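First comes the structure, then the notes that go with it.
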Amino acid sequence: MHNAAYAALGMNRIYAAFHVTRENLPSALRAIPALGLIGVNLTIPHKEAAARLIKDLSAEARTLGAVNCVVNRRGRLFGDNTDARGLERDLRDLECRLGLAIVIGAGGGAASSILACRRLRATRIVISNRTPARAESLARRFSVKDGKRATIEACGLDALVDSKLLNQARLIINATPMGLTIQRFARLNYDATPADCLFYDLIYSPTPTAFLKPALAARRRAIDGAGMLVNQAELAFKLFNRVDAPDGVMRAALLTALGRHPGAKK
Ligand code: NAP
């Protein structure tokens with residue numbers, strides 16, 4: 001996506017991928033100014049660790065406790081996060097109307113999902129996570145952030161078979177790597193959800209994910225995280241290069257890579 005944008009703008013810059021282990025994250029961050037890099041994106045499992053390691057954070061990264069963009073500001077590292085805004089923009093494009101939203105997971109992606117749902121004026125957010133204590137601590141963090149009215153509750157993954165809860169859900173977001181790193185998804189009672197419930201997977205892939213496949217079979221709306229990925233990348237491009245990404249170029253590059261028709265938005 002970034003290289004397609006550089007090519008379209010005729011900029012002599014390149015975006016490359018590096019595999020960095022957990023142990024090497026501190027030294028990889030220190031290498032950014034040493035190598036004269038403009039900035040980097042970070043992904044799973046580094047986002048929360050980077051927020052602890054970088055001193056200078058945007059308000060958004062601080063709220064989320066996670067960093068997905070590091071910008072080299074004349075040798076000083078600045079950590080930001082474009083995930084929540086990327087998801088919010090995609091949910092708006094999808095005309096998602098919120099009452100109850102269920103967020104599965106309690107990491108950086110889940111925090112971004114909660115922020116996006118609050119900005120879209122969800123009235124109730126339920127966090128469902130394998131480790132309920134992590135869901136509780138995320139719920140506490142967001143409950144006290146500002147005066148917005150959404151109630152935030154924490155549960156285990158058993159909430160996903162609670163028909164009474166599911167039949168009120170307008171949106172269910174998967175913010176875990178279930179379906180990416182392990183093939184199976186947790187038990188979820190898809191049929192208990194309203195017919196217009198939107199299933200949104202932060203994972204993007206050429207074929208429907210383990211979370212979305214049963215949603216499609218139950219004739220529910222099912223969207224993967226490609227739109228969020230494009231949006232967060234366009235925002236990151238602006239942060240790194242101080243120019244807007246060229247219209248539609250990054251989206252077309254991603255959709256082509258995923259084997260989808262670039263003319264189709266989703
Ligand atoms: P993270 O911080 O590592 O959080 C992972 C969460 O998933 C944790 O709550 C963890 O539960 C849960 N989990 C992990 N393995 C599990 C399993 N086998 N069964 C049940 N729960 C499991 O990860 P993240 O950064 O939030 O990312 C989550 C996903 O979102 C990733 O797949 C990532 O690629 C995707 N993502 C996509 C975009 C996009 O632009 N589309 C942006 C951000 C993230 P515990 O608390 O119990 O460990």
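Keep in mind the model is a prediction, meaning the values are calculated, not measured. Counting starts at 1 for both ligands and their atoms, in listed order.
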- prompt: Going by distance only, is there an N or O of Q232 that falls short of 3.5 Å from an N or O of ligand 1?
  reply: no
task: Could you tell me whether ligand 1 has any atom less than 4.0 Å away from a heavy atom of P45?
output: no
message: Looking at ligand 1, is there an atom of it that comes within less than 4.0 Å of some heavy atom belonging to A175?
response: yes
- request: Let me know which of D224, D90, N174 forms a side-chain hydrogen bond (donor to acceptor under 3.5 Å, both in side chains) with Y200.
  value: D90
task: Could you list the atoms of ligand 1 found under 4.0 angstrom from a heavy atom of G109?
output: 24 (P), 25 (O), 26 (O)
Atom indices of ligand 1, in the order listed, that fall short of 4.0 Å to a heavy atom of T131: 45 (P), 46 (O), 47 (O)
- prompt: Is the closest N or O pair between Y204 and ligand 1 shorter than 3.5 Å?
  reply: no
Qualifying residues under side-chain contact (heavy atoms from CB on, under 4.5 Å), relative to C155, sequence neighbours excluded: V126, A159
- request: Kindly write out the residues that satisfy salt bridge (charged side-chain N to carboxylate O under 4.0 Å, His left out) with E136, not counting sequence neighbours, or none if the list is empty.
  value: none
field: Ligand-side contact atoms (ligand 1) for residue partner G225, heavy atom cut-off under 4.0 Å
entry: 41 (N)
field: Output field: ring centroids F211/F199 closer than 6.0 Å
entry: yes
field: Electrostatic pair R89:E234 at N-O distance under 4.0 angstrom
entry: yes
